[in-house]
Amino acid sequence: MTEPSYLAAVRESYDTVAAAYAERVKNPAELDPLSRGMLAAFAELVRNAGRGPVADLGCGPGKVTAHLAGLGVPAFGVDLSPKMVELARKAHPGLRFTVGSMTALEIEDDRLGGILAYYSTHHTPPELLPVVFAEFHRTLAPGGHLMQAGYVGNDELLRPTRAYGDHPVSYASHLLPADRLAGLLERAGFTVTARLVQAPGEGLKRPVASFLARKPE
């Protein structure tokens, strides 16, 4: 499969900001109560299902991967940025981190007990989200659980030029309505079991939507 063109900008940008990102992004224990609660619920669902490991896709420096492991979930991380993966391996040497793309995961069919996509799909152009969600569905075991979370909006396109310590970036962010994201997950074959939309505030600059979904058995 030919790599989508936008991935080069995402990879280069996060390689550039990796160190500053790791310094500035909160540890999961410092998140607001609702965000922590959704992560805890996801971890409990995965543990109870006992279907296999969890892939933290777009894991960055591995903070959330390590948080899941601390909640008793066998987790590993995948990120497009080699620099991010390098930082994650140094910070969490007991966990596995690999370089890879959500558009073409090097993971077997029906292999995963859970998938976490935490603030990691918004750089994907909307027309390619079905490709990403199809990969989630392919690799998740029947009865496995998905958590997808991130900023939402009214079809907003953001093109920042600098971020995380004022370093240059060239990626775009696509903020879609929560209803559309839920519909895309359902069309990919998931059953959406819970949805939480948080208004700006409590450290959130924009609305955030978190989804729990399940692949039917």
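Starting from 1, each residue takes its place in the sequence as its number.
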J.: Would you check if Y119 and V208 make a side-chain contact, meaning some heavy-atom pair closer than 4.5 Å?
T.: yes
J.: Can we say E30 and R36 salt-bridge, meaning some charged N sits less than 4.0 Å from an Asp/Glu carboxylate O?
T.: no
J.: Do P142 and P216 come close enough that some side-chain heavy atom pair is under 4.5 Å?
T.: no
J.: Under 4.5 Å between side-chain heavy atoms, hopping through other hydrophobics if needed: is there a path connecting F133 to L146?
T.: yes
J.: Within this structure, what is the CZ-CG distance for the pair R187 and L129, rounded to the nearest 0.5 Å?
T.: 11.0 Å
J.: Treating Ile, Leu, Val, Met, Phe, Trp and Tyr as nodes and any side-chain heavy-atom pair under 4.5 angstrom as an edge, say whether L184 and F136 lie in one connected cluster.
T.: yes
J.: For R214 and H145, work out which heavy atoms get closest and say how close.
T.: CD-CE1, 3.7 Å
J.: Using a 6.0 Å cut-off, check whether atom CD of E108 has over 12 heavy atoms from anything other than its own residue.
T.: no
J.: Would you call V152 and L181 a side-chain contact if the rule is heavy atoms closer than 4.5 Å?
T.: yes
J.: Under 4.5 Å between any side-chain heavy atoms of Q198 and S35, yes or no?
T.: yes
J.: Could you check if a side-chain atom of Y171 sits within less than 4.5 angstrom of a side-chain atom of Y6, using non-hydrogen atoms only?
T.: no
J.: Are more than 12 heavy atoms, taken from residues, nucleotides or ligands other than R159, located less than 6.0 Å from that residue's CZ atom?
T.: no
J.: Say you draw a straight line from CZ of R96 to CG of D56; how long is it, rounded to the nearest 0.5 Å?
T.: 12.0 Å
J.: Count the heavy atoms of every other residue, nucleotide or ligand shown that sit under 6.0 Å from NZ of K83, and state whether that count exceeds 12.
T.: no
J.: Charged N to carboxylate O under 4.0 angstrom, R111 versus E106?
T.: no
J.: Under 4.0 Å between a Lys/Arg side-chain N and an Asp/Glu carboxylate O for E86 and R89?
T.: no
J.: For a 4.5 angstrom cut-off between non-hydrogen side-chain atoms, does I107 reach F76?
T.: yes
J.: Hey, are D79 and R11 close enough for a salt bridge, meaning a charged N less than 4.0 Å from a carboxylate O?
T.: no
J.: Salt-bridge test for R51 and D110: reply yes if a basic N is under 4.0 Å from a carboxylate O, no otherwise.
T.: no
J.: Can you name the one residue among L116, L39, N27 that meets side chain to side chain contact (heavy atoms under 4.5 Å, CB included) with H67?
T.: L39
J.: When you group the ILVMFWY residues by side-chain heavy-atom contacts below 4.5 Å and let the links chain together, are F97 and V73 in the same group?
T.: no
J.: Distance from L112 atom CG to R138 atom CZ, nearest 0.5 Å?
T.: 9.0 Å
J.: Working to the nearest 0.5 Å, report the span between OG of S101 and CG of L57.
T.: 9.5 Å
J.: Would you kindly say whether Q148 and T121 are connected by a side-chain donor-acceptor distance under 3.5 Å?
T.: yes
J.: Whether the Y151 and H174 side chains hold a donor-acceptor pair (N or O, under 3.5 Å, no angle test) is what I'd like checked.
T.: no
J.: Kindly determine whether H137 and F190 satisfy ring pair (Phe, Tyr, Trp, His ring centres under 6.0 Å), including the steps that lead there.
T.: CA-CA 7 Å; H137 191 271; F190 292 102; 5.3 Å; yes
J.: What distance do R206 atom CZ and S173 atom OG have between them, rounded to the nearest 0.5 Å?
T.: 8.5 Å
J.: Heavy atoms only: give me the nearest F42-I115 pair and the separation to one decimal.
T.: CZ-O, 3.5 Å
J.: CZ/F211 to OG1/T193 distance, rounded to the nearest 0.5 angstrom?
T.: 11.0 Å
J.: Going only through I, L, V, M, F, W and Y residues with side-chain contacts under 4.5 Å, is there a path from L212 to L31?
T.: yes
J.: Would a 4.5 Å heavy-atom cut-off, applied to side chains only, mark M38 and L196 as touching?
T.: yes
J.: Kindly work out whether a path of hydrophobic side-chain contacts (I/L/V/M/F/W/Y, heavy atoms less than 4.5 Å apart) joins M102 to L128.
T.: no
